[in-house]
Structures are given as structure tokens and as C-alpha cells.
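Counting starts at 1 for both ligands and their atoms, following the listed order.
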Amino acid sequence: MDAHLHLRKGQILKEVAPYSAGVFGAGVIMPNTDPAILDAKSMLSYEKVVERATRGSGFKPLMTIEIREGTTPSMVRIAHEWGAIAGKIYLPDVTHNSEGGVANIMSLFAIFEEMQKLDMVLCLHSEVSGKSVYGLERKTLFLPTLVKITDWFPNLRVVLEHITTKDAVDTVAGLSNRVAATITLHHLYLTNNDVADGKIQPHNFCMPIPKHFRDREALQRASISGNPKFFFGSDSAPHTTATKECALGCAGVYSAPVAIPGVATQFENLVVSDDIRRGVEDFAGNFARKFYNLPEETRRITLRRVPWTVPQIFNSRFIPFLAGKELPWQVVA
Ligand code: NCD
Ligand code: ZN
């Protein structure tokens with residue numbers, strides 16, 4: 001299961017969805033589409049188009065709504081009744097399509113109370129916004145807010161999305177079992193040197209920005225720790241070459257086509273034991289299913305240690321993460 005996935009809409013959805021649906025049994029579908037998914041009605045019509053784009057694969061889209069300052073407890077309740085698995089919060093302007101994000105997260109008291117009552121998961125983009133906030137500290141500065149939310153709502157299930165720092169790993173590890181975090185593929189590989197250092201690498205640019213070596217190491221350790229609070233959310237975020245390779249390029253790494261081989265390759269470098277497949281299965285499936293109270297995965301894929309070269313480009317316009325690299329593992333049909 002992919003616990004954090006951007007599938008977009010329209011033609012892009014049709015092009016990218018098969019790469020996730022072919023490998024994962026389910027995915028938590030992010031609501032920051034254009035326009036955003038803000039209520040049950042738009043969620044249900046988005047679910048239909050995602051289902052159409054993944055038909056026949058056995059992939060289950062796990063739908064979410066975006067929570068904004070205008071969201072009401074009854075909007076949350078109705079979305080939950082219609083199957084929303086989580087509500088997602090972005091702060092304003094922290095990432096792609098987040099202009100309408102929530103400026104004052106603590107104004108959502110009634111929403112959090114409702115979500116706690118419904119046992120609906122709260123997913124937090126978890127970066128402080130504002131031009132005066134130093135970019136690489138956005139994530140760390142959000143942590144006190146997380147702690148406050150979990151103090152006030154101890155039974156609310158919260159996922160801190162795409163963590164990038166050692167202090168986020170430590171904070172999540174120290175909180176209750178109602179609090180978990182997703183880790184992406186690219187944050188297991190990259191530091192901010194891989195985004196801009198001598199040359200700019202737009203296809204590694206994403207929010208939150210990858211950080212220090214010691215942060216990457218903390219994420220790597222968390223991913224292989226066997227602690228079920230840390231699970232895989234690819235944050236696969238496709239943007240076309242035209243919107244990546246330009247001034248004001250979009251944030252987002254397109255990792256869906258390499259997600260599982262990429263995790264297996266990392267695990268091979270990190271794990272002492274030789275049970276790489278078991279580790280991948282837990283990190284990229286079982287742990288998220290447990291946290292989201294979902295039934296166990298029944299679909300099986302085969303991960304073979306057969307070298308594979310990642311294509312340079314997909315559909316002539318999406319450059320994938322690790323493009324052109326040889327990976328020792330591949331998923332075979
Ligand atoms: C994501 C996107 O493009 O939708 N971009 C990104 O850099 N991760 C949004 C997000 O999850 O921040
Ligand atoms: Zn994302």
C-alpha cells in the first residue's frame with residue numbers, strides 16, 4: 001500500500017495511475033488536485049475517475065478530503081460516511097496547489113474533535129508557512145503544533161506526512177501509537193545537495209526539501225526499524241518536464257514507477273538481515289494497513305533480484321526518480 005499518492009486528474013491521471021495500480025493494492029489519494037477535493041461530492045466524483053483509470057487492477061483508492069478554514073464538522077462527517085479515510089491539511093503556499101491552506105491550524109478545534117469522534121485519520125503536510133520562515137526549518141518548526149494537537153486530542157489518529165528530519169523521527173517515535181509518519185522513497189536517497197549544489201536538479205526538487213545527511217540517515221534507520229509507526233508513502237507527485245524544467249518549476253518527485261524496486265534497493269544497503277522482501281512488505285504495506293485499520297493485503301507481487309534500468313522518461317513527459325539508474329531489484333509480473 002502507498003500511504004501518500006498524488007494521481008492528479010484528467011489526462012495525467014490516465015497516464016500515471018497504472019504505475020501505482022500495477023504494484024500497490026491500495027493508495028491514500030491526496031486531495032490537492034485542481035480544483036481541490038473539499039467535500040464528499042467532489043471526493044466521490046474523483047473516486048469514480050480514479051477507479052476508471054485503475055479498473056481491472058485490483059487497486060483500491062483510499063479517498064481523502066482537504067480540510068480548510070471553511071470546512072465544517074458536518075462536511076467532515078458526511079465525507080467520512082461516504083468513505084473518506086482521512087482529512088488532509090496543508091498550510092498556505094507550502095507546496096503545489098496549497099494556496100487555500102489553513103493559516104491558523106488551531107482554529108480547527110471543532111474539526112479535530114469531530115475527526116477524533118469518527119476515528120478518521122488526520123494527515124498533516126506539516127510545514128510552517130510564511131516568507132519569514134527559513135525554508136529548511138519549516139518542518140522542525142511545525143513539531144510543537146503536532147505535539148499540541150496530540151495533547152488536546154489524544155485519541156485522534158495523526159499521520160505526519162513525508163517526514164524529512166531527525167527531530168521529526170524522534171518526535172513521532174516518542175508520541176503515542178495514534179501518531180505515525182510516512183517516509184517517501186526520495187527522502188531515503190536525497191539530501192538538499194542533490195537538489196541544488198553547483199547545479200540545480202529540478203527532478204529532485206520537492207516539498208519538504210530533502211535535508212542534511214544526518215536527517216537522511218535518521219529516515220533510513222526509521223524505515224528499517226520495524227517500528228510500525230513509520231511506513232511508506234511515496235508522495236509520487238508527477239509534473240511534466242515543461243513544468244519542472246523552467247523558472248518557477250513545480251515541487252514534486254515522480255517516483256511511482258520505481259517505488260518498490262527503489263525501497264528494496266535502499267533496504268539492501270541498510271538491512272543487516274537478508275530478509276529484504278519481508279522488510280519491504282512491512283514498510284510498504286503492512287504497517288500502513290495496520291495504522292489505517294485496513295484488512296491485510298491479499299494481492300501479491302514478485303520482487304526479484306534482477307537488475308533493471310529505470311527508463312529516462314515515461315509517456316514522453318514525466319521524468320521519474322532515479323531515471324537512467326540501474327537498480328538491482330525489479331517487480332516482475
Ligand atoms: C506535491 C505535489 O506536487 O502535489 N509536491 C511535493 O513536492 N511533494 C505536494 C506535496 O505533497 O507537498
Ligand atoms: Zn504529497
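Tested against Phe267, the residues Phe232, Phe283, Trp329 include a single ring pair (Phe, Tyr, Trp, His ring centres under 6.0 Å) partner, Phe283.
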Practice task
Just do the salt bridge (charged side-chain N to carboxylate O under 4.0 Å, His left out) check on Asp282 and Arg289 with the steps written out, would you?
Solution key: CA-CA 9 Å; Asp282 281 342; Arg289 284 183 173 269; over 6 Å; no

Practice task
Would you sort out whether His6 and Asp235 count as a side-chain hydrogen bond (donor to acceptor under 3.5 Å, both in side chains), showing the intermediate values?
Solution key: CA-CA 6 Å; His6 299 272; Asp235 190 22; 2.9 Å; yes

Exercise for the section: I would like to know whether His96 and Asn32 meet side-chain hydrogen bond (donor to acceptor under 3.5 Å, both in side chains); could you show each step before the answer? Expected result: CA-CA 8 Å; His96 186 60; Asn32 67 329; 5.5 Å; no

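Side-chain atoms of Thr243 and Thr240 include a donor-acceptor pair closer than 3.5 Å. A donor-acceptor pair shorter than 3.5 Å can be found between the side chains of His239 and Arg8.
Between Lys88 and Glu161 there is no salt bridge, since none of the side-chain N atoms of the basic residue sits less than 4.0 Å from a carboxylate O of the acidic one. Salt-bridge check for Glu217 with Arg221: passed, with a basic side-chain N closer than 4.0 Å to an acidic carboxylate O. Residues Arg157 and Asp119 are paired through a salt bridge, judged by an N-O separation under 4.0 Å between the basic side chain and the carboxylate.
Look at Arg8 and you'll find a heavy atom under 4.0 Å from some atom of ligand 1. Residue contacts with ligand 1 leave out Met30, since none of its heavy atoms falls under 4.0 Å from the ligand.
Considering backbone and side-chain atoms alike, His96 places every N or O at 3.5 Å or more from each N or O of ligand 1. Residue His239 has at least one N or O atom closer than 3.5 Å to an N or O atom of ligand 1.
Nearest protein heavy-atom contact of atom 7 (O) of ligand 1 is Met207 N, 2.7 Å. Asp235 OD2, 2.7 Å is the protein heavy atom nearest to atom 8 (N) of ligand 1. The shortest contact between atom 5 (N) of ligand 1 and any protein heavy atom is with Ala251 O, 3.1 Å.
Residues Tyr19 and Phe314 place their aromatic rings such that the two centres sit under 6.0 Å apart.
Proximity to His162 (heavy-atom distance under 4.0 Å) selects the following atoms of ligand 1: 11 (O), 12 (O). The Cys206 neighbourhood of ligand 1 comprises atoms 7 (O), with distances under 4.0 Å to a heavy atom of that residue. Counting the atoms of ligand 1 from 1 in the order shown, those under 4.0 Å from a heavy atom of His4 are 11 (O). Within the listing of ligand 1, atoms 2 (C), 4 (O), 9 (C) sit less than 4.0 angstrom from a heavy atom of Asn32. Here is the list of ligand 1 atoms found below 4.0 Å of a heavy atom in Gly252: 5 (N), 6 (C), 7 (O).
When the heavy atoms of Ile209, Val253, Thr95 are ranked by distance to atom 10 (C) of ligand 1, first place goes to Thr95.
Looking only at protein N/O/S atoms, the ones less than 2.8 Å from the Zn ion (ligand 2) make 3 in total.
For the pair Tyr189 and Thr265, the minimum side-chain heavy-atom distance is below 4.5 Å.
With sequence neighbours left out, the side-chain hydrogen bond (donor to acceptor under 3.5 Å, both in side chains) criterion links Asp167 to Thr140, Thr165.
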